[in-house]
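In listed order, ligands and their atoms are each counted from 1.
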Amino acid sequence: MEGLLTFLGTGTSMGVPTLGCDCAVCTSEDPHDRRLRPSVLLRWSEPMQGRERAVVIDTGPDFREQALRNGLTRVDAVFYTHSHADHILGLDDLRPLSFTASREGGPIPLYAAPETAEVLERIYEYTFSPQSTYPTRARVQLKTLAERTEVHGVEFLRVPVLHGEMEIAGFRFGRAAYLTDVSTIPESSFALLGGLDHLIVSALRYKPHPSHATVEQALAWARRIGARQTWFTHIAHELGHEETNRTLPDGIRLAHDGLSLPINLGTVNS
Ligand SMILES: [Zn+2]
Ligand SMILES: [Zn+2]
């Protein structure tokens, strides 16, 4: 089965251009240098019924604009990597899509680790509290993220990674993996990343950061994992699109907003 992955956003937490900055990348006229907050969309068509399915990883503050740009009219599930603002603050914009989902079959499942769910429940108390009487709250349901989760025939494997001191979730689906906000990949997680066509991994900038990989670290992982193609995301304004891509080896490139990749979603053999 084949799916299509689309980068909804490839920017770091502040987005690019970064507010108040007049650097060369923030003032660039190249559309590839405009990066919304990080998120990906995976769409596929279910073999038997031919129904279109869509899963989003993270709903950041740009989710509404990203959904409009990419013609997203349904969401079957959301996976959350962790609870930082740039990954969760668009949750409320699921509301209109959740009303449709709920009429069709039920609330949209949101898969999140317990620590992430706790933050979501606190911020969106009016959505999740059983006492909530807010009539147009999102029809969504938090579900504890398991090692493997199946969504309409596609298996999502949790790939634990470290973001500074914090363990967060990366995901593998078919022959692709999405690892954002990574500073360390634990040894045990490399075993989940064999045989990839596409590895998507975050690479913030050249200068070290306590909770994000630099280009150099991400390059080392890319070589070790050996996917056919590696894409960098969660990119800060230090990295101009064209200029950085010219320095990267074959098979490794910066992703950009709106980039779509066909993904083989066959079963994961690990
Ligand atoms: Zn982030
Ligand atoms: Zn800048």
Side-chain angles (χ1 to χ4, degrees), residues 5-41 56-66 78-93 110-113 115-120 123 145 158-171 177-185 189 199-215 217-218 221 231-245 254-257 259:
L5 178 138
T6 303
F7 288 88
L8 296 180
T10 56
T12 187
S13 57
M14 294 184 199
V16 181
T18 297
L19 292 182
C21 184
D22 62 359
C23 78
V25 176
C26 288
T27 55
S28 156
E29 280 176 16
D30 180 354
H32 298 105
D33 284 324
R34 297 188 80 86
R35 305 176 183 127
L36 296 177
R37 264 58 72 86
S39 171
V40 289
L41 160 68
V56 174
I57 303 183
D58 292 330
T59 53
D62 297 316
F63 175 69
R64 179 176 173 278
E65 180 60 27
Q66 293 166 330
V78 180
F79 285 87
Y80 284 100
T81 58
H82 65 301
S83 63
H84 286 162
D86 51 326
H87 299 262
I88 65 165
L89 286 187
L91 185 148
D92 221 43
D93 289 326
L110 310 180
Y111 296 97
E115 317 79 81
T116 305
E118 211 178 286
V119 177
L120 293 176
I123 296 183
L145 180 64
R158 183 170 66 97
V159 181
V161 294
L162 293 181
H163 178 33
E165 310 260 283
M166 187 179 177
E167 188 189 294
I168 66 167
F171 297 97
Y178 181 68
L179 311 178
T180 188
D181 294 65
V182 198
S183 52
T184 305
I185 303 178
S189 289
L199 168 68
I200 300 155
V201 67
S202 55
L204 187 71
R205 60 186 189 197
Y206 297 110
K207 210 173 89 193
H209 185 285
S211 45
H212 290 280
T214 58
V215 170
Q217 283 170 302
W221 293 329
W231 302 97
F232 291 163
T233 189
H234 209 294
I235 308 160
H237 62 158
E238 283 90 341
L239 304 181
H241 187 78
E242 280 308 321
E243 178 199 347
T244 309
N245 271 344
L254 296 189
H256 59 85
D257 291 21
L259 172 68

N/O donor-acceptor pair under 3.5 Å between S39 side chain and G9 backbone
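Flag not set: sc S39 to bb G9 has no pair under 3.5 Å.
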
Please answer whether the main-chain N or O of V16 pairs with a side-chain N or O of R35 as donor and acceptor at a distance below 3.5 Å.
no

Salt bridge (Lys or Arg N to Asp or Glu O under 4.0 Å) evaluation trace for D62 with R64:
CA-CA 6 Å; D62 297 316; R64 179 176 173 278; over 6 Å; no

Quick one: name the protein N/O/S atoms under 2.8 Å from the Zn ion (ligand 1), chain by chain.
D86 OD2, H87 NE2, D181 OD2, H234 NE2

Electrostatic pair E167-R158, nearest N-O below 4.0 angstrom
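R158 and E167: salt-bridged.
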
Pairwise side-chain contact, V182 with H212, heavy-atom cut-off 4.5 Å (strictly under):
no

Hey, which of L110, V56, I57 is the one that makes side-chain contact (heavy atoms from CB on, under 4.5 Å) with Y80?
L110

Going by the rule salt bridge (Lys or Arg N to Asp or Glu O under 4.0 Å), which residues pair with E118 if we only count those two or more places apart in sequence or in a different chain?
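Partners of E118 under the salt bridge (Lys or Arg N to Asp or Glu O under 4.0 Å) test: none.
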
Proximal protein heteroatoms (N, O or S) of the Zn ion (ligand 2), under 2.8 Å
C21 SG, C23 SG, C26 SG, H237 ND1

F171: what forms a ring pair (Phe, Tyr, Trp, His ring centres under 6.0 Å) with it, not counting sequence neighbours?
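If we apply the ring pair (Phe, Tyr, Trp, His ring centres under 6.0 Å) test to F171, skipping adjacent residues, the hits are F79.
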
Whether H241 and H32 hold their rings parallel, tilted or perpendicular, with breakpoints at 30° and 60°
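Plane angle under 30°, so parallel.
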
